[in-house]
Amino acid sequence: MATFAAAFFKPYNMSNTTSLLSQRALRMEESATLRMAAMARELKAKGHQVIDLSLGEPDFDTPDHIKEAAKKALDDGYTKYTPVAGLLELREAICTKFKRDNGLEFLPNQIVVSNGAKQCIANVCMAMLDPGDEVIILSPYWVSYAEIVKVAEGEPVIVHAGIEQEYKATAAQVEAAITERTKLLLFSSPCNPTGSVFSEEELQAIAEVVSGHERIHIISDEIYEYINFSGRHHSIGTIESVKDRTITINGFSKGFAMTGWRLGYLGAPKWIADACNKIQGQFTSGANSFGQKAAAYALLADMKPTDEMRHAFEKRRNMVVELLGKIPGIKANMPEGAFYSFPDISALFGKRCGDTVVNNPDDFCEYLLETEYVAAVSGSAFGDDHCFRISFAASEEQLREAVIRIERAVRELK
Ligand code: PMP
Ligand code: GLU
């Protein structure tokens with residue numbers, strides 16, 4: 001018995017436990033945005049004057065009328081499981097919103113509400129990908145896209161566009177990346193991390209390419225829809241040739257400052273929505289009940305708080321882009337939406353400050369955090385190793401101070 005126990009209950013040992021982890025977990029990268037935010041929090045806790053521009057999280061609180069709706073829902077007894085795809089009332093409100101804002105026609109049975117848009121994207125990838133299926137991801141892209149695809153055992157195929165093409169890949173580039181294994185095309189507009197917005201013509205051209213390949217479906221991530229300074233949001237799903245092959249993703253985190261509520265949704269062809277519903281039913285069930293009630297209310301309520309947030313982000317964008325533009329070695333883009341700036345800093349590579357050499361954006365972000373306590377995220381996490389990302393989710397004073405610190409750090413590099 002003693003030998004039996006000794007054989008089975010080996011002493012705890014880290015190298016053993018690592019080898020027990022799945023290839024899935026080992027292949028996956030930790031979220032760089034969340035890691036940077038955690039590092040900034042840690043430095044703050046140690047008493048450093050950190051300016052944290054790492055996380056894509058509105059610094060505004062959820063508007064009061066939405067919070068009140070959640071409190072009322074609790075008092076009204078919305079404390080139980082909901083249908084997996086979400087309360088019918090919320091799915092109806094989402095259909096109304098899709099029609100009102102985007103010209104998209106969905107029935108409630110084509111909507112799935114999840115724990116954030118992140119889970120919606122994961123549901124679709126889990127529902128549609130077999131090992132080896134390729135997903136074309138327009139780059140720069142949001143950190144989690146490639147990792148979600150990998151977890152679902154798909155292969156990310158990165159189609160890149162640099163600052164010289166406003167970070168927007170063209171239809172011709174998409175066409176060139178298509179193979180017989182291509183299953184999905186995934187992108188966000190307005191884009192995280194670049195703030196670029198695809199025009200109607202650019203979406204038309206991409207739709208035309210996709211429509212020539214029956215197998216390919218589109219995941220259109222429109223979570224920054226309401227933070228669009230160009231005033232025109234276009235949903236690729238309205239284009240006739242791809243309307244039955246587009247999954248439109250949206251959520252409450254950005255436009256309604258509801259990141260912690262964990263509520264996102266998708267509208268999709270019914271067979272895809274059904275598969276997402278089945279998968280979610282085994283993983284997490286329906287999203288939280290009273291949050292869903294408040295979300296249904298939010299979609300149909302006064303959008304003034306959202307407009308005010310967009311206005312504040314636009315002011316910050318103008319200020320940050322102007323100030324960054326004055327720093328030699330930094331080439332700032334002009335984001336048309338979302339709340340990020342994604343400057344190209346490749347002119348700084350090879351420069352040093354004392355023993356520190358900056359050879360890439362990872363080095364630069366580390367140098368910035370260590371010397372000036374400004375937390376930003378390296379472009380390499382978003383598929384671009386010439387750039388770094390600054391989030392505007394901070395006050396104007398903080399942003400102004402952050403740019404002063406960035407300028408100081410850059411000037412020290414020789
Ligand atoms: N898509 C994009 C482009 C994002 O930036 C984010 C960041 N939160 C998400 C999806 C996921 O949002 P959430 O899960 O909070 O709804
Ligand atoms: N999407 C936000 C960002 O890009 C939030 C963090 C995350 O979920 O990765 O920073």
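Every number for a ligand or one of its atoms is a count from 1 in the order of the listing. Side chains included, hydrogens not; waters and symmetry mates left out as well; all remaining heavy atoms used. It should be emphasised that the depicted structure is a prediction, and the values quoted were computed from it without experimental measurement.
Counting heavy atoms closer than 4.0 Å to ligand 2, residue Val377 contributes nothing at all. When non-hydrogen atoms are compared, ligand 2 lies under 4.0 Å from the side chain of Lys254 (C-beta onward) but not from its backbone. In Leu34, the part holding a heavy atom less than 4.0 Å from any atom of ligand 2 is the side chain. With a heavy-atom cut-off of 4.0 Å, Leu55 touches ligand 2 through backbone and side chain alike. Of the heavy atoms in Met36, none comes closer than 4.0 Å to ligand 2.
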Expected rows: ligand 1 N/O, protein N/O, dist below 3.5 Å:
from     : atom 1 : to     : atom 2 : distance (Å)
ligand 1 : 1 (N)  : Asp221 : OD2    : 2.5
ligand 1 : 5 (O)  : Asn192 : ND2    : 2.6
ligand 1 : 5 (O)  : Tyr224 : OH     : 2.7
ligand 1 : 8 (N)  : Lys254 : NZ     : 2.9
ligand 1 : 14 (O) : Ala117 : N      : 3.2
ligand 1 : 14 (O) : Lys118 : N      : 3.1
ligand 1 : 14 (O) : Arg262 : NH2    : 2.8
ligand 1 : 15 (O) : Ser253 : OG     : 2.7
ligand 1 : 15 (O) : Arg262 : NH1    : 2.8
ligand 1 : 16 (O) : Ala117 : N      : 2.7
ligand 1 : 16 (O) : Ser253 : OG     : 3.3

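Using a 4.0 Å cut-off between charged nitrogen and carboxylate oxygen, Glu225 and Lys97 count as a salt-bridge pair.
Taking the six-membered ring where the residue is Trp, His386 and Phe349 present parallel rings, their angle staying beneath 30° rather than reaching 60°. Using a 30° and 60° split on the angle between ring planes, Tyr367 and Phe364 fall in the tilted class, from 30° to 60°.
Judged purely by atom type and a 3.5 angstrom limit, Lys150 has no side-chain atom pairing as donor or acceptor with the backbone of Pro156. Side chain of Thr62 to backbone of Ala257: a donor-acceptor contact under 3.5 angstrom is found.
Per-residue contacts place Lys118 under 4.0 angstrom from the following atoms of ligand 2 (heavy atoms of the residue considered): 7 (C), 8 (O), 9 (O).
Between the choices Ser54, Ala393, Gly56, the shortest heavy-atom distance to atom 5 (C) of ligand 2 belongs to Gly56.
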Side-chain donor-acceptor pairs under 3.5 Å in residues 28-42, sequence neighbours left out?
from  : atom 1 : to    : atom 2 : distance (Å)
Ser31 : OG     : Thr33 : OG1    : 2.9
Ser31 : OG     : Leu34 : N      : 3.3

